[in-house]
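All remarks here apply to the structure that follows.
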Amino acid sequence: MRNAPTILHLDMDAFFAAVEQASKPSLRGKAVVVGGLGPRGVVATASYEARVFGVHSAMPMAQARRLAPNAAYLVPRFTLYRAISEQVMALLRELSPLVEPLSLDEAFVDLEAGGAAWDAESARRAGQKLRADIRAVTGLTGSVGLAASKMLAKIASEQAKPDGLVLIEPGTERDMLAPMPVRTLPGVGPATGDHLRRAGITTVRELAEAGEDELVRLLGKAHGQALYAMAHARDERPVVAEREAKSVSVEDTYDVDIHDRLRVGLEVQRLADRCVRRLRGAGLSGRTIVLKVRRYDFSTLTRSETLRGPTDDPAVIREAAARLLDSVDTTGGVRLLGVGVSGLADYTQEDLFAQAMPVRVAEEPEEAAVEAEAEQPEAAERHWRAGQDVRHAEYGPGWVQGSGLGRVTVRFETPQSEPGRVRTFFVDDPALSSADPLPLVADLSHPPTRLGPPDSARHGAPPRTPVEAGVGVESGVGEESDVREESLAPDGVCVSDQARVPGEAGVPDGARAPDEVPVPEDVRAPKRPVLRKKPAVAEGAPFRELPGSGQRP
């Protein structure tokens, strides 16, 4: 192991929530929760203000709402997050060619390989400069850990949170680790931690004192030897710039359990097609098809089938997924479905005689899907999601604060403005349209990455029945998956486009719409007389002011 602390670990602070606060001045310093807003949504990220109330990542969104009822609840905007992540990763690559991204907001950097650092003092200067550059380019903060190994650098960045820098001096590693709980070490999860606790091992010091033979007896050879080495601050893993994808997968969590077998089959076919699109987009194919089914009782079943050669043929993958579904009992209902492909390769080797189904059979699910779609009632109005970027012909750019009962509330502000005013419109107001995310920092010396179109801003389209989960290389993340804070793959967290309102099925009258973003009492303007106009119903009226909505600064 090297002696100089030249391995850097960067972890952006509450990344998703911090981006939302930076782009929405009215939310700065307030509790913000980002995640799936449906009945089965989970928290992807909570701002530090929300964590004070006990909200944390992977928590069910319903529980988060009970703990912090006045927080702003927003759906993720992955287009914006990815663009900002690219800006941060570009800064890291200026330091070294050896950058190992772990997620959108986290990465290791070998500073010595890029000549950016060679001892403790130069490493500290490089870390301080990186934090300053990130703030200048993105307006966000990140925590930096510096040490002689990846394990220690990550531990240091955790100690530096939020918005700090910690450098572990050579020779102090074991003393620093000794009092820490065993869960601090990578590879020690809840099950391993409980197993060690029952053996009387709760700290890293006790882990080191137990001896390698005892850990091997308790945990097995590979795991026991690895933990013994880490307990003595030994970690020889290098920073790897390129990591091969192990699998590509997609999955959906459904607001209401699916009981109809035909519907389950159609959903599996749709997921298989989405998985193929991701495979082809990455220029990959795979041999092993995997089906994941989470049933009504939360039991999760996984079935797989290995083909004769790698493929990216949608008919082949649909057929294999359908065969796997035949072996699963879905009688009691299904709450989550997923389709994945592993055993990846960058070529295909199709079995022309045995793998693909006849075209007629392969097309049947598509025809049935069209018929099922035709049975869906046409949307009566556009649906707007909390946090979505919009633009009004008269009032300019803003974001959706809430929607329901045929109306949408928009706060008009930009990342560079003061907190803006709130106005309410009909959901079908022709002057209101979706918009691109605005850059968080204006007039940069570093040209910002183009932010692209708004994430999943589909207006005029009916809400989807499933909660569509994002997917990433190596694993798909669903709304009920074990989501680690900010450690989502570039495409991955589930969101819900459904904005159900009081009076609809399953939502009692008088209830607040799920996508509605409450404004904390302490930030509301004092009540004052408001001059009200009669509702504007004539064509060309810019908006309709609703009783009780008010216009707050």
Practice problem: Measure across A241 and L98 and return the closest heavy-atom pair with its distance rounded to 0.1 Å. | Solution: CB-CD2, 4.2 Å

Quiz item: Can you tell me if H9 and E106 form a side-chain donor-acceptor pair at under 3.5 Å?
Solution: yes

Quiz item: For D110, does its backbone N or O pair with a side-chain atom of S96 as donor and acceptor, under 3.5 Å?
Solution: yes

Quiz item: So is R407 actually on top of F426's ring, under 6.0 Å and inside 45° of the axis?
Solution: no

Quiz item: Between P439 and P415, which heavy-atom pair has the shortest distance, and what is it?
Solution: O-CG, 3.5 Å

Quiz prompt | salt bridge (charged side-chain N to carboxylate O under 4.0 Å, His left out) between R40 and D257, worked out | solution = CA-CA 11 Å; R40 293 174 177 171; D257 291 349; 2.8 Å; yes

Exercise. Any chance you could measure M59, atom CE, to R66, atom CZ, to the nearest 0.5 Å?
Key: 9.0 Å

Quiz item: Judged by modelled atom types alone, do R411 and Q401 share a side-chain donor-acceptor pair under 3.5 Å?
Solution: yes

Quiz item: So do the side chains of V264 and V293 get within less than 4.5 Å of each other, counting heavy atoms only?
Solution: no

Practice problem: May I ask you to test the T45-V32 pair for a side-chain heavy-atom distance under 4.5 Å? | Solution: no

Practice problem: Indicate yes or no: does D252 engage R274 in a salt bridge with an N to O separation below 4.0 Å. | Solution: yes

Quiz item: Would you say the side chain of P314 lies within less than 4.5 Å of the side chain of R280, judging by non-hydrogen atoms?
Solution: yes

Quiz item: NZ of K161 to CE of M12: how many Å apart, nearest 0.5 Å?
Solution: 9.0 Å

Practice problem: Before giving the answer on side chain to side chain contact (heavy atoms under 4.5 Å, CB included), spell out for K292 and T300 the whole-Å C-alpha distance, their side-chain angles and the decisive distance to 0.1 Å. | Solution: CA-CA 7 Å; K292 177 180 177 182; T300 302; 3.9 Å; yes

Practice problem: Just say parallel, tilted or perpendicular for the rings of F425 and Y395, cut-offs at 30° and 60°. | Solution: tilted

Quiz prompt | Stepwise side chain to side chain contact (heavy atoms under 4.5 Å, CB included) check, E49 with V33 | solution = CA-CA 10 Å; E49 295 84 0; V33 181; over 6 Å; no

Exercise. Would you give the length of the straight line joining atom CZ of F412 to atom CH2 of W399, rounded to the nearest 0.5 angstrom?
Key: 12.0 Å

Practice problem: Report yes or no: does S403 contribute a side-chain atom to a donor-acceptor pair with the main-chain N or O of V408 at less than 3.5 Å? | Solution: no

Practice problem: Return yes if a side-chain donor-acceptor contact under 3.5 Å exists between S143 and D13, otherwise no. | Solution: yes

Quiz item: Tell me, do V410 and W384 make a side-chain contact under 4.5 Å, heavy atoms counted?
Solution: no

Exercise. Go through the steps to decide whether L279 and L344 satisfy the test side chain to side chain contact (heavy atoms under 4.5 Å, CB included), and finish with yes or no.
Key: CA-CA 9 Å; L279 274 176; L344 301 180; 3.9 Å; yes

Quiz item: Can you check whether R131 reaches L165 side chain to side chain, under 4.5 Å on heavy atoms?
Solution: yes

Practice problem: Drop me the distance from I7's CD1 to L146's CG, to the nearest 0.5 angstrom. | Solution: 9.5 Å

Practice problem: Taking only Lys NZ, Arg NE, NH1 and NH2, and the carboxylate oxygens of Asp or Glu, determine whether E20 and R77 approach each other closer than 4.0 Å. | Solution: yes

Self-check item: Side-chain (Q388) to main-chain (R385) donor-acceptor, under 3.5 angstrom
Solution: yes

Exercise. Give a yes or no on whether the backbone of A31 and the side-chain of Y48 come within a donor-acceptor separation of less than 3.5 Å.
Key: no

Quiz item: Do D133 and K129 sit within salt-bridge range, that is, some charged N less than 4.0 Å from a carboxylate O?
Solution: yes

Quiz item: Which atom pair, heavy atoms only, marks the closest approach of L271 to V250?
Solution: O-CG2, 3.3 Å

Practice problem: Considering only NZ, NE, NH1 and NH2 on the basic side and carboxylate oxygens on the acidic side, decide whether R82 and E86 come within less than 4.0 Å. | Solution: no

Quiz item: What's the verdict on salt bridge (charged side-chain N to carboxylate O under 4.0 Å, His left out) for E251 and R294, showing C-alpha distance, side-chain angles and the deciding distance?
Solution: CA-CA 10 Å; E251 61 184 42; R294 180 167 296 155; 5.9 Å; no

Self-check item: Note, Y254 side chain near L336 side chain (heavy atom, < 4.5 Å)
Solution: no

Quiz item: Which pair of heavy atoms, one from A17 and one from S47, lies closest together, and at what distance?
Solution: CB-N, 3.6 Å

Quiz item: Nearest 0.5 Å, what's the OG1-CD distance between T184 and Q159?
Solution: 8.5 Å

Quiz item: Given the rule in the side chain to side chain contact (heavy atoms under 4.5 Å, CB included) test, do V34 and V75 qualify, once you have shown the distances and angles that lead to the verdict?
Solution: CA-CA 6 Å; V34 179; V75 295; over 6 Å; no

Self-check item: Closest non-hydrogen atom pair between I84 and V19, with its separation
Solution: CD1-CG1, 3.7 Å

Practice problem: With the side chain counted from C-beta on, respond yes when V341 and V290 share a heavy-atom pair under 4.5 Å apart, and no when they do not. | Solution: no

Practice problem: Could you pull out the closest heavy-atom pair between A107 and L92, with the gap in Å? | Solution: CB-CD1, 3.6 Å

Quiz item: With sequence neighbours left out, what residues match R135 under side chain to side chain donor-acceptor pair (under 3.5 Å)?
Solution: D163

Self-check item: Side-chain donor-acceptor contact under 3.5 Å, S26 with E413
Solution: yes

Exercise. Could you check if a side-chain atom of L102 sits within less than 4.5 angstrom of a side-chain atom of F108, using non-hydrogen atoms only?
Key: yes

Quiz prompt | F298 six-ring face occupied by R335 cation (under 6.0 Å, within 45°) | solution = yes

Quiz item: Are any of the side-chain nitrogens in D312 or R278 under 4.0 Å away from the carboxylate oxygens of its partner?
Solution: no

Quiz item: If you measure from OH on Y81 to CZ on F15, what distance do you get to the nearest 0.5 Å?
Solution: 8.5 Å

